[in-house]
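Order of appearance sets the numbers: ligands from 1, and atoms from 1 within every ligand.
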Amino acid sequence: MSDQDQSKAANQMWGGRFAEGPDAIMTAINASIGFDKRLYAQDIRGSRAHAAMLAAQGIITDNDAQAIGEGLLTVLSEIERGAFEFKTELEDIHLNVESRLTDMIGEAGKRLHTGRSRNDQVAVDFRLWVRDQCDAAISGLTALMQAFISQAEAGADMVMPGFTHLQTAQPVTWGHHMMAYVEMFARDRSRFEDARRRMNECPLGAAALAGTSFPIDRHATAAALGFDRPTANSLDSVSDRDFALEFLAAASICAMHLSRFAEELVIWSSAQFRFVRLSDKWTTGSSIMPQKKNPDAAELLRAKLGRILGATVALFTIMKGLALTYSKDMQEDKEQVFDAADNLMLGLAAMTGMVSDMAAQTENLRIAAASGFSTATDLADWLVRRLGMPFREAHHVTGALVALAEKAGIDLPDLSLAQMQSVHAEITDEVFTVLGVENSVNSRLSYGGTAPVRVREQIARWKASLA
Ligand code: ARG
């Protein structure tokens with residue numbers, strides 16, 4: 001056959017009823033091999049489990065199963081060596097692998113597809129892939145939590161300003177701020193664990209949609225592929241991608257958390273704040289301004305949620321309103337998930353590196369913590385505790401003292417006792433003991449509060465749980 005005849009020929013894998021081949025544009029829009037080749041290892045693993053099960057059930061011979069099993073390993077090594085020729089006219093990874101297998105081993109290769117369909121094949125391949133990504137996210141998050149815990153330990157009693165509305169609120173400890181992220185990333189980790197647990201059912205054997213008339217053993221293939229059990233409904237098995245959506249949802253929430261610390265790093269590393277010094281390893285210079293050290297990694301991490309959430313919205317929109325069961329729309333699931341997963345893993349690794357290498361600027365943090373009337377709440381609390389004032393009234397009196405200090409261009413601890421008493425006569429000089437930042441953080445001993453002793457308890461709890 002000439003090249004032209006070849007391209008017009010009906011598909012060798014399913015073209016029995018077709019008199020002519022697809023239009024070139026049809027081939028282009030239909031093919032997924034350009035991206036689903038990433039599923040090759042999962043595809044081969046699934047096929048090997050399927051062939052072994054077929055033989056164990058007496059559906060194919062042991063000889064055929066052995067030829068298939070070995071042939072698939074050869075295909076695997078061809079792909080890994082870069083010696084495999086992926087063909088667009090063979091559409092996807094499933095047909096590419098099967099076709100090459102049949103070229104190599106003949107008849108036996110054609111028996112592999114007994115009792116299954118590409119619909120359950122792609123469902124199992126993709127689940128295996130997403131399950132691996134859950135594992136990667138879980139270990140990436142564990143490493144990130146450890147990096148935050150090390151920072152927290154080093155600065156458990158280092159004071160810094162705590163913010164609301166990005167306005168100075170109350171002094172907090174660096175350790176407490178770092179441990180806030182440990183809580184967030186721990187919840188992210190548990191979301192991936194939950195998603196993994198739920199997705200860990202094997203759709204293989206659902207066949208096209210209705211199950212199969214061959215006496216297959218779905219429990220055996222499920223176990224061979226590390227699943228907890230087979231899925232219970234064949235229609236559901238080939239038609240849902242909720243496991244991928246759960247992964248993307250967990251990835252989006254995690255990327256949102258990453259973006260928040262990324263933003264803090266951008267702010268904190270600026271010349272106006274100077275709360276942290278980022279290492280040279282995670283910053284870049286400017287081609288024109290020699291003094292610049294730009295927090296590019298942090299900025300990119302701030303942006304990653306854009307594409308990860310974009311992938312999430314895309315897959316929801318692809319799946320919305322699809323009547324059961326499989327529709328080709330679902331082939332559009334993979335690129336979204338691949339891109340989101342790649343960027344999440346890169347983001348977790350970059351954040352772990354930045355957090356490990358950043359240097360808190362202790363003195364700047366302390367100065368900032370002490371400014372902006374940050375101990376005003378401590379003063380109000382003192383009025384309540386010592387003078388028995390109702391909190392609302394204490395709030396008002398403190399507000400007047402802040403206004404007085406602000407007008408004088410000084411901070412609260414710099415007011416004289418006489419100035420204090422001009423606002424409220426019963427104030428004594430004991431008040432000055434509560435206006436220091438160390439006192440402020442040390443006094444916040446409530447469970448989950450910023451006091452260094454509480455922070456150290458949380459650090460110890462997390463260290464024990466990660467050990
Ligand atoms: N490439 C397809 C996908 O990614 C595999 C399943 C194809 N099934 C079918 N009936 N055409 O969804």
Considering distance alone, does some N or O of N119 sit under 3.5 Å from an N or O of ligand 1?
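Looking only at distances, the answer is yes, because the N/O contact criterion of under 3.5 Å is met.
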
Note to self: For ligand 1, which is the ligand I care about here, please tell me if R241 has any N or O atom under 3.5 Å from one of the ligand's N or O atoms.
What the structure shows: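 No - when backbone and side-chain N and O of R241 are compared with those of ligand 1, no distance drops under 3.5 Å.
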
Out of all atoms in ligand 1, which are within 4.0 Å of some heavy atom of [X]? Include the element for each.
| X | answer |
| --- | --- |
| K334 | 3 (C), 4 (O), 12 (O) |
| S32 | 1 (N) |
| D92 | 1 (N), 2 (C), 5 (C) |

Kindly assign one of parallel, tilted or perpendicular to the pair F275 and F273, based on the angle between their ring planes and the thresholds 30° and 60°.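 Answer is perpendicular, since the angle exceeds 60°.
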
Is the ring pair F126/W129 parallel, tilted or perpendicular, if the boundaries are 30 and 60 degrees?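 Aromatic pair F126/W129 classed parallel.
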
Compile the donor-acceptor pairs under 3.5 Å between side chains in residues 146-167 and protein atoms, sequence neighbours left out, one pair per line.
residue : atom : partner : partner atom : Å
S150    : OG   : Q146    : O            : 3.2
Q151    : OE1  : W174    : NE1          : 3.4
Q151    : NE2  : V355    : O            : 2.9
Q151    : NE2  : M358    : O            : 3.0
E153    : OE1  : K463    : NZ           : 3.3
E153    : OE2  : K463    : NZ           : 2.7
D157    : OD2  : R456    : NH2          : 3.0

Legend entry - R461 and Q458 side chains, donor-acceptor separation under 3.5 Å: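 There is such a pair (donor and acceptor under 3.5 Å, judged by atom type) between the side chains of Q458 and R461.
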
Scan side-chain atoms only and decide if E183 and W462 contain a donor-acceptor pair under the 3.5 Å cut-off.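 Judged by distance alone, the side chains do pair up.
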
Among protein heavy atoms, which lies nearest [atom], and at what distance?
| atom | result |
| --- | --- |
| atom 11 (N) of ligand 1 | R118 NH2, 3.7 Å |
| atom 12 (O) of ligand 1 | Y326 OH, 2.5 Å |
| atom 2 (C) of ligand 1 | Q331 OE1, 3.2 Å |

Does D120 use its side chain to pair, donor to acceptor, with the backbone of L204 at less than 3.5 Å?
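No.
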
Requested in this report: Kindly say whether the aromatic ring centers of W14 and H113 come within a distance under 6.0 Å.
Outcome: no

I need the contact type for H94 against ligand 1. Using non-hydrogen atoms and a strict under-4.0 Å cut-off, is it side chain, backbone, both or neither?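 Only the side chain of H94 comes within reach of ligand 1.
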
